[in-house]
Asks: 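One structure follows; several queries about it will come next.
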2 protein chains.
Amino acid sequence: MTQDVKEIFALPGGPQAGRAGAPPAPAALAAKVRTLAPSMTRSMQRVAEAVAGDPAGCAALTVTGLAELTGTSEATVVRTARLLGYPGYRDLRLALAGLAAQQQSGRAPAITTDIAVDDPIADVVAKLAYDEQQTLADTAAGLDTVQLGAAVAAAAVARRIDVYGVGASGLVAQDLTQKLLRIGLIAQAHSDPHLAVTNAVQLRAGDVAIAITHSGSTGDVIEPLRVAFEHGATTVAITGRPDGAVAQYADHVLTTSTARESELRPAAMSSRTSQLLVVDCLFVGVAQKTYETAAPALAASYEALAHRHRR
Amino acid sequence: MTQDVKEIFALPGGPQAGRAGAPPAPAALAAKVRTLAPSMTRSMQRVAEAVAGDPAGCAALTVTGLAELTGTSEATVVRTARLLGYPGYRDLRLALAGLAAQQQSGRAPAITTDIAVDDPIADVVAKLAYDEQQTLADTAAGLDTVQLGAAVAAAAVARRIDVYGVGASGLVAQDLTQKLLRIGLIAQAHSDPHLAVTNAVQLRAGDVAIAITHSGSTGDVIEPLRVAFEHGATTVAITGRPDGAVAQYADHVLTTSTARESELRPAAMSSRTSQLLVVDCLFVGVAQKTYETAAPALAASYEALAHRHRR
DNA sequence: TCACGTATGAAAGATATTTTCGGCTCGGTG
DNA sequence: CACCGAGCCGAAAATATCTTTCATACGTGA
């Protein structure tokens with residue numbers, strides 16, 4: 001373990017050269033190379049150059065590989081690593097990998113452009129993921145927690161909960177319903193406008209009606225909400241247009257975010273993501289408030305499903 | 001250079017297990033650990049846990065060091081590295097260094113705590129949004145674009161597309177179907193297992209069957225996929241367990257990420273987010289490939305809906 | 001309880017890294 | 001112009017690290 005450091009101390013730069021930065025440089029490698037270049041010998045410069053020029057590529061090479069690439073020897077590579085402040089090549093290589101990763105991730109946020117017809121599939125994945133993350137952040141930032149709290153409070157003690165949504169929003173309505181049912185509440189999703197209205201008539205004070213519509217102007221969803229509203233139920237609207245028609249009949253409005261859309265990226269995609277986050281928040285809020293009954297109910301439904309899984 | 005990879009292929013997961021991601025994961029390591037954890041042995045889990053928990057720390061250790069730290073042997077460490085998709089420990093270590101560097105540059109993962117019963121509603125929103133963003137990032141990082149590309153190619157030219165999913169995954173199946181229908185493809189979601197099987201019998205070469213199941217072991221979904229597979233259809237599995245039973249009958253496996261769950265945050269929540277992203281990518285990919293017909297179809301369906309919106 | 005298959009770690013074997021050591025070049029000097 | 005010395009350089013030995021093999025222990029189902 002006791003290393004013989006004789007040689008390094010005999011280098012032209014003097015005793016100081018090797019340890020300019022006591023902690024081996026993290027990312028300032030290119031700078032270090034430039035700084036130390038004058039005190040390097042020709043072969044070492046070649047190595048340093050290669051390393052600074054293509055960190056990722058060099059990280060993939062062994063000492064021998066890098067030595068061959070630069071037309072030098074293993075010993076020179078190791079000496080260069082030492083000069084740059086690392087105990088040996090192994091550690092330089094590790095730092096190189098880190099640097100490469102940073103450069104890689106730093107390049108990432110360049111994806112502000114829209115999805116094009118000829119984008120490679122990997123770009124599609126990156127862009128969609130990025131956009132949906134953005135949508136989530138926007139939604140969380142724009143969500144009115146007071147309104148949400150009120151909606152949660154009403155839902156937690158409701159006799160029954162009706163959820164209206166058609167098209168893509170219909171799936172969100174079903175998602176919410178499924179989860180509420182799982183914690184023992186009485187919830188029902190309606191995507192048939194006629195049945196929705198027919199059912200809305202049954203609602204009364206203490207019940208909760210939730211309408212989900214991105215546009216805020218979907219008649220099929222507004223109508224049952226209006227009926228529920230007029231029958232005294234607590235009404236909630238989850239919409240991207242808080243000033244839309246649906247808001248007239250809503251006691252509480254939860255706003256979803258609206259992202260730019262395009263031909264290949266229909267609005268339904270980001271509105272759905274946004275709606276689901278709101279619905280999740282609503283659900284978790286209710287689950288908190290009804291924890292006494294919710295916890296065992298969740299456990300029970302989990303149990304019930306276990307046997308449907310194959311070994 | 002020709003490695004003897006006999007042992008890795010003898011793992012319980014079968015031939016598929018080791019190559020979940022052909023390109024060794026760069027940043028999707030934590031996600032990959034969670035995904036593969038179930039198929040790991042106890043000792044391997046200890047290693048994987050250490051690696052996922054402290055990438056920077058582990059990157060500084062040699063095989064022997066990590067083996068000692070986790071109370072296992074070098075062999076186990078190497079085996080774990082292999083399972084995670086790297087040729088050996090050396091490469092895992094490099095990836096670890098990269099990951100550490102990324103974490104370093106990226107801000108501290110502020111919110112790691114779970115959602116508690118008494119969290120104020122604002123915290124719930126923040127935590128859920130953060131978790132779902134994380135899930136999206138993990139999914140995107142872990143998605144095999146080759147498999148995705150293959151699935152897209154098959155779906156784009158399919159005579160018909162059947163999608164199977166029950167429970168929460170059923171909604172995802174419907175979401176995909178809705179969108180595919182919008183661009184003029186023939187797609188059908190099945191959540192009734194009997195009808196699904198009955199329909200699967202009709203499939204033949206050139207058709208595509210897609211099974212969506214988080215657990216990878218939902219019999220109700222595997223069965224129709226098996227039938228479709230045996231009738232010559234191209235089969236795709238979207239699952240969180242790429243080594244699960246569903247994979248046997250899948251030509252292409254698309255892996256969704258698995259996030260930690262808790263009482264108040266059922267697994268269904270993040271798996272749904274993950275599944276939706278995958279499904280969106282699939283959809284956009286198909287839309288690209290069929291752009292000629294998809295664009296007018298999208299416009300037409302948009303038109304058709306316009307009159308259902310109130311002034 | 002036994003038999004079987006799997007998981008595991010010790011140690012041998014293979015690679016990669018580090019060190020040693022001697023040749024070589026280059027610039028100065030008699 | 002020959003000689004000398006300082007320091008650069010790489011081949012190869014020595015060491016550390018990683019990988020593979022193999023025998024054993026363990027758990028599991030019959």
Side-chain angles (χ1 to χ4, degrees), chain A residues 1-15 17-18 37-48 51 58-84 86-97 311, chain B residues 1-14 17-18 36-48 51 58-84 86-97 243:
Chain A
M1 194 48 62
T2 52
Q3 293 187 0
D4 184 353
V5 285
K6 182 177 51 186
E7 189 175 24
I8 181 87
F9 280 163
L11 281 169
S39 63
M40 285 183 189
T41 66
R42 258 189 315 284
S43 325
M44 285 167 94
Q45 279 182 10
R46 277 211 303 285
V47 175
V51 159
C58 294
L61 294 169
T62 70
V63 230
T64 314
L66 185 53
E68 272 180 23
L69 179 74
T70 58
T72 64
S73 68
E74 288 100 323
T76 301
V77 172
V78 173
R79 278 191 282 258
T80 309
R82 291 268 163 75
L83 191 67
L84 290 173
Y86 302 91
Y89 175 68
R90 208 188 309 276
D91 298 77
L92 168 62
R93 194 176 171 187
L94 242 40
L96 241 36
R311 193 104 335 262
Chain B
M1 195 46 63
T2 53
Q3 293 188 3
D4 183 354
V5 285
K6 184 176 52 188
E7 189 175 22
I8 182 85
F9 279 164
L11 281 170
L36 266 49
S39 63
M40 285 182 189
T41 65
R42 257 189 315 285
S43 326
M44 286 168 93
Q45 281 183 9
R46 278 211 301 283
V47 176
V51 159
C58 293
L61 294 168
T62 70
V63 228
T64 315
L66 187 52
E68 274 180 19
L69 177 74
T70 57
T72 64
S73 68
E74 289 99 325
T76 301
V77 172
V78 172
R79 277 190 283 257
T80 308
R82 291 268 164 75
L83 191 68
L84 290 173
Y86 301 90
Y89 176 69
R90 208 186 308 274
D91 298 78
L92 168 62
R93 196 176 168 186
L94 282 172
L96 241 37
D243 59 339

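Chain identifiers are assigned alphabetically (A, B, ...) following the order of the sequence lines, protein sequences preceding nucleic acid strands; residue numbering begins at 1 within each chain. None of these values were measured; they are calculated from a predicted model.
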Asks: What residue among A:Leu92, A:Val63, A:Thr64 forms side chain to side chain contact (heavy atoms under 4.5 Å, CB included) with A:Val77?
Replies: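 That would be A:Val63.
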
Asks: Here's a test of your reading of the structure: between A:Glu74 and B:Asp91, which maps to the more 5' nucleotide of DNA chain D?
Replies: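 So the residue in question is A:Glu74.
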
Asks: Rounding to an integer number of Å, can you tell me how far A:Met44 CE sits from D:dG10 C1'?
Replies: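 Taking atom C1' of D:dG10 as the reference, CE of A:Met44 is at 14 Å.
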
Asks: So, OP1 or OP2 of D:dC18: does either fall under 4.0 Å of a side-chain N or O from B:Arg93?
Replies: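 So the side-chain polar atoms of B:Arg93 do come within 4.0 Å of the phosphate oxygens OP1 or OP2 of D:dC18, strictly under.
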
Asks: Which ones in residues 61-73 of chain B lie close to DNA chain C, meaning a heavy atom under 4.0 Å from one of its atoms?
Replies: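 Of all residues in residues 61-73 of chain B, the ones placing a heavy atom under 4.0 Å from DNA chain C are B:Gly71, B:Thr72, B:Ser73.
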
Asks: I'd like to check B:Leu84 versus B:Met40 (side-chain heavy atoms, cut-off strictly below 4.5 Å). Are they in contact?
Replies: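 Yes, at least one pair of side-chain atoms sits under 4.5 Å.
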
Asks: Choosing from C:dT19, C:dG9, C:dA7, which nucleotide comes nearest the side chain of B:Thr76?
Replies: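 Per side-chain heavy atoms of B:Thr76, the pick is C:dG9.
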
Asks: For the residue pair B:Leu94 and A:Ala59, what are the closest heavy atoms and their distance?
Replies: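 Heavy-atom minimum between the residues: CD1-O, 3.6 Å.
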
Asks: Could you pull out the closest heavy-atom pair between B:Arg93 and B:Thr62, with the gap in Å?
Replies: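 For B:Arg93 and B:Thr62, the tightest heavy-atom pair comes out as NH1-CA, 4.1 Å.
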
Asks: In whole angstrom, give the distance that lies between atom CG of A:Leu92 and atom P of C:dT18.
Replies: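 It is 10 Å, rounded to the nearest whole Å.
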
Asks: Could you check which of D:dG10, C:dG9, C:dT18 has an atom nearest any side-chain atom of A:Arg79?
Replies: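 Closest of the options to the side chain of A:Arg79: D:dG10.
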
Asks: Grab the two heavy atoms, one from A:Leu61 and one from A:Tyr89, that are nearest each other, plus how far apart they are.
Replies: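 Shortest heavy-atom separation between A:Leu61 and A:Tyr89 comes out as O-OH, 2.7 Å.
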
Asks: From the list C:dT19, C:dT8, D:dC9, which nucleotide is the closest neighbour of the side chain of A:Ser43?
Replies: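 Of C:dT19, C:dT8, D:dC9, D:dC9 is nearest to the side chain of A:Ser43.
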
Asks: Mapping B:Arg46 and A:Val78 to their closest nucleotides on DNA chain C, which lands nearer the 5' end?
Replies: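 The answer here is B:Arg46.
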
Asks: Using distance alone, with no hydrogens and no angle criterion, decide if B:Thr70 and B:Thr72 have a side-chain donor and acceptor under 3.5 Å apart.
Replies: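 B:Thr72 and B:Thr70 do have a side-chain donor-acceptor pair below 3.5 Å.
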
Asks: Under 3.5 Å, is there any donor-acceptor pair linking the side chain of B:Arg42 to the base of D:dG27?
Replies: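 No.
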
Asks: Round to the nearest Å and state the distance from A:Arg90 atom CZ to D:dT15 atom P.
Replies: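 Roughly 15 Å, once rounded to whole Å.
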
Asks: Between D:dG10, C:dA10, C:dA7, which nucleotide gets closest to the side-chain atoms of B:Thr41?
Replies: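 Between D:dG10, C:dA10, C:dA7, the one nearest the side chain of B:Thr41 would be C:dA7.
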
Asks: Quickly work out the B:Leu83 CG to C:dA7 P distance and round it to whole Å.
Replies: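 Nearest whole value for this atom pair: 11 Å.
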
Asks: Return the CZ to CG distance between A:Arg82 and A:Asp91, rounded to the nearest 0.5 Å.
Replies: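 Output value for this atom pair is 9.5 Å.
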
Asks: How close or far is atom P of C:dT15 from atom OH of B:Tyr89, stated in whole angstroms?
Replies: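 Answer to the nearest Å: 20 Å.
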
Asks: Just how far, in rounded Å, is P of C:dT6 from CE of B:Met40?
Replies: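 My rounded result for the distance is 19 Å.
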
